[in-house]
Engineer: 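Before anything else, here's the structure in question.
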Amino acid sequence: MLNRVVFAALCLIASTGQAVALDLPVPEKLERQYALKARTVEVVEPHTSTPDDPLRVRYRALPADELLGRWFGEGWKAQDAAVVFFARDGYRSVIPASRFARHRAYLAFGREDGAAFAVDNRQQHEQGIALGPYYLIWDNLGSEDLLRQGAYGWPYQVTRVELQSAADERRLLPSDASPEVLQGFEASQEYCLTCHHIRGMGGAKVGEDLAQAACRWKPEDLKAWMIEPARWRPGTAMPPLNPRLSESERSLASERIAAFLAAQPHESGCALSRPGS
Ligand code: HEC
């Protein structure tokens with residue numbers, strides 16, 4: 001069954017050059033199909049941990065690297081490829097394929113101790129969120145790099161995986177993009193386009209186009225909103241821009257993102273692009 005899906009997808013990519021997509025079957029099927037053995041992977045759980053209070057969890061998981069290699073074929077870690085993980089709730093995580101070469105990732109499908117496969121997402125003020133069917137986790141024990149990035153790149157409720165060219169979203173860049181706008185674009189991919197979309201590119205967790213929504217905000221306010229949305233709207237489901245970064249790093253990132261959003265085409269009267277405001 002899976003083979004047929006992959007075969008059909010590969011034919012599609014061969015004939016049209018489109019991305020290869022795969023709806024994920026249940027874990028037992030994956031194990032059987034690829035003669036893989038589920039293993040226990042211990043991680044610092046980034047959704048429930050805080051920098052001062054790291055909480056370890058042991059998950060049951062399958063190695064992502066091997067699965068992705070079998071689905072997408074030999075060359076999947078090519079320079080400009082990105083793996084997109086689609087979640088049931090509209091969240092979408094675009095992960096450069098090169099990241100899988102640097103760190104070990106797994107598709108988790110349960111907890112070793114048999115407790116509910118769920119987490120509290122402290123930053124988004126949500127409790128007992130189901131993680132299944134699949135949760136992408138990273139072997140972050142002993143990796144300062146990964147620990148600092150927190151929950152970025154840890155999509156849950158994953159139902160579908162797609163290999164795409166990382167160049168696709170570059171269509172959001174104006175042709176005369178300044179270095180600041182370019183950096184803002186990259187930061188937006190990491191911090192904003194997981195939930196928000198611009199002209200249909202990005203996540204589907206929030207309906208309204210991000211570039212249009214941003215127009216209601218003056219640059220200074222927009223930056224403050226990114227850094228601490230709960231200050232404006234207590235209990236909001238929008239998380240603050242990565243709190244594991246230093247104050248100056250967050251400030252710089254928010255500035256670049258605001259510059260990128262201001263460079264998007266929008267209608268007149270956009271508060272974001274009003275010079276000097
Ligand atoms: C985990 C999902 C998520 C991420 C990541 C996220 N947002 Fe949001 N965002 C939301 C949600 C949900 C709302 C609606 C919030 C509300 O009304 O309480 C929202 C609302 C907004 C709004 C509209 C506010 C208004 O009502 O005028 C803007 C602008 C915005 N986000 C910008 C950003 C930017 C810029 C980033 C990246 C730094 C970002 N968001 C990252 C989920 C997210």
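Keep in mind the model is a prediction, meaning the values are calculated, not measured. One-based numbering along the sequence shown. Heavy atoms only: backbone and side chains are in, while hydrogens, waters and symmetry mates are out. Each ligand, and each atom within it, is numbered from 1 in the order the structure gives.
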Engineer: Among protein heavy atoms, which sits nearest to atom 2 (C) of ligand 1, and what does the distance come to when rounded to 0.1 Å?
Structural biologist: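 That would be Cys195 SG, 1.9 Å.
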
Engineer: Find all atoms of ligand 1 within a distance of less than 4.0 Å from any non-hydrogen atom belonging to Trp217, and give their numbers and elements.
Structural biologist: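 So the answer, numbered in order with elements, is 24 (C), 25 (C), 27 (O).
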
Engineer: Which atoms of ligand 1 are found less than 4.0 Å from any heavy atom of Met226?
Structural biologist: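 In order of number, 35 (C), 38 (C).
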
Engineer: How close does the nearest protein non-hydrogen atom get to atom 29 (C) of ligand 1, and which residue and atom is it?
Structural biologist: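 Sorting protein heavy atoms by distance from atom 29 (C) of ligand 1 puts Leu222 CD1, 3.8 Å first.
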
Engineer: Specify whether Tyr34 and Trp71 have parallel, tilted or perpendicular ring planes, treating 30° as the upper limit for parallel and 60° as the lower limit for perpendicular.
Structural biologist: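 Perpendicular: the ring planes of Tyr34 and Trp71 meet at over 60°.
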
Engineer: Mark yes or no for whether Gln264, through its side chain, and Leu172, through its backbone, hold a donor-acceptor pair below 3.5 Å.
Structural biologist: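 Yes: the side chain of Gln264 pairs with the backbone of Leu172.
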
Engineer: Report the angle formed at atom 8 (Fe) of ligand 1 by atom SD of Met238 and atom NE2 of His196, rounding to the nearest 10°.
Structural biologist: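 About 180° at atom 8 (Fe) of ligand 1.
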
Engineer: Do the ring planes of Trp217 and Trp225 sit parallel (below 30°), tilted (30 to 60°) or perpendicular (above 60°)?
Structural biologist: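 The arrangement is tilted - the two ring planes meet at 30° to 60°.
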
Engineer: What part of Pro239, side chain from CB on, backbone N/CA/C/O, both or neither, has a heavy atom under 4.0 Å from ligand 1?
Structural biologist: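 The answer is the side chain of Pro239.
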
Engineer: Looking only at side chains, do Arg99 and Gln149 share a donor and an acceptor under 3.5 Å apart?
Structural biologist: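 Indeed, the side chains of Arg99 and Gln149 share at least one donor-acceptor pair under 3.5 Å.
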
Engineer: Any side-chain donor paired with an acceptor under 3.5 Å for His196 and Tyr191?
Structural biologist: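 Note: His196 and Tyr191 side chains miss the donor-acceptor criterion.
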
Engineer: So which heavy atom in the protein is nearest atom 17 (O) of ligand 1, and how far is it from that ligand atom?
Structural biologist: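 Answer, as residue, atom name and distance: Arg233 NH1, 2.6 Å.
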
Engineer: Would you mind listing which atoms of ligand 1 come within a distance below 4.0 Å of any non-hydrogen atom of Thr194?
Structural biologist: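 Counting from 1, the qualifying ligand atoms are 5 (C).
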
Engineer: Checking a contact table here: which protein heavy atom is nearest atom 30 (C) of ligand 1, and how many Å away?
Structural biologist: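 In this structure, atom 30 (C) of ligand 1 has Trp225 NE1, 3.2 Å as its nearest protein heavy atom.
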
Engineer: Distance alone, cut at 3.5 Å: any donor-acceptor contact between the side chains of Tyr106 and Asp65?
Structural biologist: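 Looking only at side-chain atoms, Asp65 and Tyr106 do not form any donor-acceptor pair under 3.5 Å.
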
Engineer: Of the protein's non-hydrogen atoms, which lies at the shortest distance from atom 34 (C) of ligand 1, and what is that distance?
Structural biologist: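 Nearest neighbour among protein heavy atoms for atom 34 (C) of ligand 1, to 0.1 Å: Cys192 SG, 3.5 Å.
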
Engineer: Tell me whether the rings of Phe117 and Tyr59 are parallel (<30°), tilted (30 to 60°) or perpendicular (>60°).
Structural biologist: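 Answer is perpendicular, since the angle exceeds 60°.
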
Engineer: Does Glu267, at its CD atom, have more than 12 non-hydrogen atoms belonging to other residues, nucleotides or ligands within less than 6.0 Å?
Structural biologist: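 Atom CD in Glu267 is not packed in, count stays at 12 or less.
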
Engineer: Going by the atom numbers of ligand 1, which of them fall below 4.0 Å from some non-hydrogen atom of Thr236?
Structural biologist: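 Listed by number with element: 15 (C), 16 (C), 18 (O).
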
Engineer: Under 4.0 Å from atom 24 (C) of ligand 1, can you find at least one protein heavy atom?
Structural biologist: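 Protein heavy atoms within 4.0 Å of atom 24 (C) of ligand 1 - there is at least one.
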
Engineer: Which atoms from ligand 1 have a heavy atom of Leu210 less than 4.0 Å away?
Structural biologist: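 Going through ligand 1 atom by atom, the ones under 4.0 Å from Leu210 are 30 (C), 32 (C), 33 (C).
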
Engineer: For ring pair (Phe, Tyr, Trp, His ring centres under 6.0 Å), just list the numbers for Trp138 and Phe100, CA-CA rounded to whole Å, side-chain angles, deciding distance to a tenth of an Å, and then say yes or no.
Structural biologist: CA-CA 9 Å; Trp138 299 81; Phe100 292 87; 5.0 Å; yes

Engineer: Looking only at protein heavy atoms, which one is nearest to atom 11 (C) of ligand 1, and what is the separation?
Structural biologist: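 So the nearest neighbour among protein heavy atoms is Val206 CG2, 3.6 Å.
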
Engineer: Just distances here: any N/O of Arg216 and N/O of ligand 1 closer than 3.5 Å?
Structural biologist: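 There is such a contact, yes.
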
Engineer: Could you tell me the residue and atom name of the protein heavy atom closest to atom 41 (C) of ligand 1, and the distance to it rounded to 0.1 Å?
Structural biologist: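 Atom 41 (C) of ligand 1 sits closest to the protein heavy atom Tyr191 O, 3.3 Å.
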
Engineer: Is a salt bridge present between Arg148 and Glu249, judged by a nitrogen-to-oxygen distance below 4.0 Å?
Structural biologist: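 A salt bridge links Arg148 with Glu249.
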
